[in-house]
S.K.: 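My questions will all concern the structure given below.
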2 protein chains.
Amino acid sequence: MERTGVDIDGADETAGGTLVRDSGARPVGAASGEASKAAHEVLAVVFQIREGRLCVLLWRRARPPFEGCWALPGGRLGAAEGLGESIRRQLAQKVDVRDLTHLEQLETRGDPDRHPHGRTLATAYLGLIPADIDPVIPRDTRWHPAAEPPVPEPSAPEPPAMAFDHAAIVGSARRRLRAKLSYTNVGFALAPPEFTMSQLSRYYRAALGHDVAATNLRRVLLRRGQIEETGESVPSGRSGGRPAALFRFRARRLEITDAFAVLRPPAGC
Amino acid sequence: MERTGVDIDGADETAGGTLVRDSGARPVGAASGEASKAAHEVLAVVFQIREGRLCVLLWRRARPPFEGCWALPGGRLGAAEGLGESIRRQLAQKVDVRDLTHLEQLETRGDPDRHPHGRTLATAYLGLIPADIDPVIPRDTRWHPAAEPPVPEPSAPEPPAMAFDHAAIVGSARRRLRAKLSYTNVGFALAPPEFTMSQLSRYYRAALGHDVAATNLRRVLLRRGQIEETGESVPSGRSGGRPAALFRFRARRLEITDAFAVLRPPAGC
DNA sequence: ACAAAAGTGTTTGTGGTACACCCATGG
DNA sequence: CCATGGGTGTACCACAAACACTTTTGT
């Protein structure tokens, strides 16, 4: 969490605004605001580790605004849908929803001019897919490396840039994933059901962006009770080497495994 | 994160939903959803430490729904307002906005029937106020201890319960604050500009819900560079004792001071 | 002198990285 | 028997909690 990469959320705004003082009963929406209804969309940053790299699922917009740009999957919130429900429904059009091993709310963006065609709020989710599957995706969608300059490859004719504020949202998602990898068991959502430690360390490397020693990763995750041996092992490759033991995550739901590193309650409690 | 008290966000939803497959261009909001506009409100969980307890600012609803219940301050999002901008404006009606030392987005709730009078999404913020001030608040608002059973005191005629899903939101806010106290410098937002270590440890105790030894807190925060001595000290009280040194937070903006406790990048990088 | 509160020094323990070494297999 | 990759053992280190002890004040 929060750790590096731990999200700072919308903490970048500073004071400003006037002091209005009224008192007494006030119906839920009063004040200077013209009580308005706004369009609301739900987006998802779906990550998967592919070929050793953390990738995001994006689709290419076929019409303005941002025609030809890459955008996060998602769409308008239905009239009677919950937010999580909505993003699951919408992703079913892009990815088989059964493959989503984890989904959590990320942030909501409400900048009045984030959408050129009128006020639109967007609630973004972070979704994860295990590395071993290759879901069928529509022709206009593609997996993009989520590397630092999120998508825009300069001069290349192919990917012009990302639409709306979606690049920033991908950034939040990466930070969130990175943070949670260090104090929760989210790894389960990136890895296949069974894996060797060197495979797992490659997934971690891809998601964290830096080297992860398989040997230490093993001990850390074992000590925390995140993973366990299946008892089986895979035969060594053509080039020899000791056969690798297979592991699995003990839980397949998000758990916090490294609660307070500091300021923890006194021992006798 | 974190750690206990670290937020699990909306991770409690599991798969379900059908597999729809269409491809080709699709305008931002297509699919089964009837593209609708929904009311959107912005709420704030404003915490302050008062008399050694973590308290939330609540106001009492004067009319249905939830007449007589306690609710979070906030209201409808204005037509041309950003989310953060809106909550700042709305809080200006309850608390002098200059006193808010920290504000961050918490979560967005969109359960279709969270509001009996029609679909209403709510984006909640976490706001903090330093312990040394006592802002003027309207007659219908009050500071409530944010203790475990958030507000509802059984049998007492006074506070019946909390309106809507606000009790759950207060819970999220407490977990978030608690988590961030252990890996960021949020303490600055709860403490007055200058403080002694035993005062600060009382603030931490109130926010975390468990004892915090002043002696260790001092070392931890000094090592992390969060606080520094002002050079001054306060005279001891009537009962004697060594005069306490005054400290201040070195930064008054949120910073992550305890990035990755684990899985940190290899030393040479 | 004594009590009270603040502050320091020291011990102990834990959890994590780094690194050398041992193990099992294929050629 | 050697190269290759997996697995273990161990040294080291940073950080933090616990607690005894010292310092500085008021009465």
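Convention: sequence-line order gives letters A, B, ...; per-chain numbering from 1. Source: prediction; values computed, not measured.
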S.K.: Tell me, which pairs form a ring-ring contact (aromatic ring centres under 6.0 Å, His included) where one or both residues lie in residues 226-247 of chain A, sequence neighbours left out?
M.R.: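 Passing the test, one end in residues 226-247 of chain A: no pairs.
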S.K.: Side-chain donor-acceptor pairs under 3.5 Å in residues 47-57 of chain A, sequence neighbours left out?
M.R.:
residue: A:Q48; atom: OE1; partner: A:R50; partner atom: NE; Å: 2.8
residue: A:Q48; atom: NE2; partner: A:P130; partner atom: O; Å: 2.9
residue: A:Q48; atom: NE2; partner: A:I133; partner atom: O; Å: 2.7
residue: A:R50; atom: NH2; partner: A:D134; partner atom: OD1; Å: 2.3

S.K.: Listed by chain and number, what are the ring pair (Phe, Tyr, Trp, His ring centres under 6.0 Å) partners of A:F195, not counting sequence neighbours?
M.R.: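 Partners of A:F195 by the ring pair (Phe, Tyr, Trp, His ring centres under 6.0 Å) criterion, ordered by chain and then number, come out as A:F249.
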S.K.: For residues 227-238 of chain B, which residue pairs qualify under salt bridge (Lys or Arg N to Asp or Glu O under 4.0 Å), counting only residues two or more places apart or in two chains?
M.R.: B:E228-B:R248, B:E228-B:R250
S.K.: It should be established whether A:R223 places a side-chain nitrogen or oxygen under 4.0 Å from OP1 or OP2 of nucleotide C:dG15.
M.R.: no
S.K.: Check whether the side chain of A:T215 and the base of C:dT17 form a donor-acceptor pair under 3.5 Å.
M.R.: no
S.K.: What is the nucleic acid contact for B:T196, judged by heavy atoms within less than 4.0 Å: base, sugar-phosphate only, or nothing?
M.R.: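 Nothing: the residue B:T196, judged by heavy atoms under 4.0 Å, touches no strand.
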S.K.: Set out, line by line, the N/O atom pairs under 3.5 Å between protein and nucleotides 24-27 of chain C.
M.R.:
residue: C:dA24; atom: N3; partner: A:R242; partner atom: N; Å: 3.3
residue: C:dT25; atom: O3'; partner: A:S236; partner atom: OG; Å: 3.4
residue: C:dT25; atom: O2; partner: A:G241; partner atom: N; Å: 3.0
residue: C:dG26; atom: O3'; partner: A:R238; partner atom: O; Å: 2.9
residue: C:dG27; atom: OP1; partner: A:R238; partner atom: O; Å: 3.2

S.K.: In whole angstrom, give the distance that lies between atom CZ of B:R218 and atom P of D:dC15.
M.R.: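 Rounded to the whole Å, the gap is 18 Å.
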S.K.: Given that B:R219 and B:Q199 both sit by DNA chain C, which one's nearest nucleotide is further toward the 5' end?
M.R.: B:Q199
S.K.: Can you list every salt bridge (Lys or Arg N to Asp or Glu O under 4.0 Å) pair that touches residues 197-210 of chain A, not counting sequence neighbours?
M.R.: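 Matches after skipping sequence neighbours: A:R205-A:D211.
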S.K.: How long is the line joining CE of A:M197 and P of D:dG7, in whole Å?
M.R.: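 Atom CE in A:M197 sits about 8 Å away from atom P in D:dG7.
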S.K.: Taking only Lys NZ, Arg NE, NH1 and NH2, and the carboxylate oxygens of Asp or Glu, determine whether A:R176 and A:E107 approach each other closer than 4.0 Å.
M.R.: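 Salt bridge flag = no for A:E107 with A:R176.
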S.K.: Assign A:A245 to base, sugar-phosphate, or nothing according to its heavy-atom contacts below 4.0 angstrom with the strands shown.
M.R.: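 Counting heavy atoms under 4.0 Å across all strands, the contact made by A:A245 is with sugar-phosphate only.
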S.K.: Counting side-chain heavy atoms from CB outward, which of C:dG16, C:dG7, D:dA18 is closest to A:R224?
M.R.: C:dG16
